[in-house]
Amino acid sequence: MRYQKMIGGVILMVAIGIAVISFSSIKEKRNSNAETKKLAIEKNRDQAGASKTVVKEKQEDLVDTTIDADYIINKNFQLVGMEEAVLPFIDNDVDTLVTSLQQYLYTQGYYQYTKAVMDENVQLNVKEKEISLVFVVAASTECYIKATYRQKTKVWEYYQPQ
């Protein structure tokens, strides 16, 4: 009888151990998914701590959400101060700049954007075929956005100084 109680106790302990291990592995999967998302967000931060968004990736995210793209794009949004000399460096595609800038603003929590004024500071990297522009955006609060266009990949990246 005594051995039966011992064997029963051992079996019970093994069953509890298996349940604990199973539960912890499920919890680890959830935590690793959260950590993966957190790392992806952290990788999108540049060295100065400014948030960075690659528009191509964000456009895919926006399609998956229930928010209508027409709601994000303000038809009356104005881009002020865009110099003619800059246009060849952005492939003369101001429409993509305006659309992607508004998408970035929306993803950063700026919902009432009306215009963006281009700053006079323009950085040009001829070797890498990149141009960086700074905009002062009139939104619910005024904000500064640095936009970098890479001609090789046709991608806009946005940074917001913190």
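For the salt bridge (Lys or Arg N to Asp or Glu O under 4.0 Å) condition, the pairs that include at least one residue of residues 83-112, sequence neighbours left out, are Asp91-Lys154.
Between Glu128 and Arg150 there is no salt bridge, since no side-chain nitrogen of the basic residue lies less than 4.0 Å from a carboxylate oxygen of the acidic one.
Counting heavy atoms from C-beta on, the side chains of Val137 and Tyr144 never come closer than 4.5 Å. Here the side chains of Leu101 and Tyr158 are in contact, with some heavy-atom distance below 4.5 Å. Considering only heavy atoms from C-beta on, Val117 stays 4.5 Å or farther from Phe135 through its side chain. With contacts defined as side-chain heavy-atom distances shorter than 4.5 Å, the pair Val86/Ile131 qualifies. Between Tyr110 and Gln160 the shortest side-chain heavy-atom distance falls below 4.5 Å.
Ile145 contributes atom CD1, which lies 7.0 Å from atom CD of Gln108 (distance to the nearest 0.5 angstrom). Distance check, rounded to the nearest 0.5 Å: OG1 of Thr114 to CG of Asn76 gives 9.5 Å. The line from CG of Leu79 to CG of Leu133 is 9.0 Å long, rounded to the nearest 0.5 Å.
Tracing side-chain contacts under 4.5 Å through hydrophobic residues (I, L, V, M, F, W, Y), one reaches Met82 starting from Val122; they form part of the same cluster. No chain of hydrophobic side-chain contacts below 4.5 Å, direct or via other Ile, Leu, Val, Met, Phe, Trp or Tyr residues, connects Tyr159 to Val134. By the rule that hydrophobic residues join a cluster once side-chain heavy atoms approach within less than 4.5 Å of another member, Ile7 and Ile16 end up as members of separate clusters. Tyr111 is not connected to Val136 by any chain of hydrophobic side-chain contacts under 4.5 Å among Ile, Leu, Val, Met, Phe, Trp and Tyr, and they are in different clusters. Under the 4.5 Å side-chain heavy-atom criterion for grouping Ile, Leu, Val, Met, Phe, Trp and Tyr, Leu124 is connected to Ile90 within one hydrophobic cluster.
The ring pair (Phe, Tyr, Trp, His ring centres under 6.0 Å) test applied to Tyr149 returns Trp156, not counting sequence neighbours. Applying the side chain to side chain donor-acceptor pair (under 3.5 Å) criterion to Asn121, with sequence neighbours excluded, gives Asp119.
Other residues, nucleotides and ligands contribute more than 12 heavy atoms inside 6.0 Å of the CZ atom of Phe77.
Listed for the Ser100 side chain is a donor-acceptor partner under 3.5 Å among the backbone atoms of Leu97. Using modelled atom types, one side-chain atom of Gln151 and one backbone atom of Phe89 make a donor-acceptor pair closer than 3.5 Å.
Residue Lys146 comes nearest to Ser132 through the heavy atom pair CE-CB, 3.7 Å, listed as atom of the first residue, atom of the second, then distance. In terms of heavy atoms, Lys127 sits closest to Lys152 at O-NZ, 4.1 Å.
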Decide side chain to side chain contact (heavy atoms under 4.5 Å, CB included) for Cys143 and Leu105; before the verdict, give the C-alpha distance in whole Å, the side-chain angles of both, and the deciding distance to 0.1 Å.
CA-CA 10 Å; Cys143 63; Leu105 289 167; 4.1 Å; yes
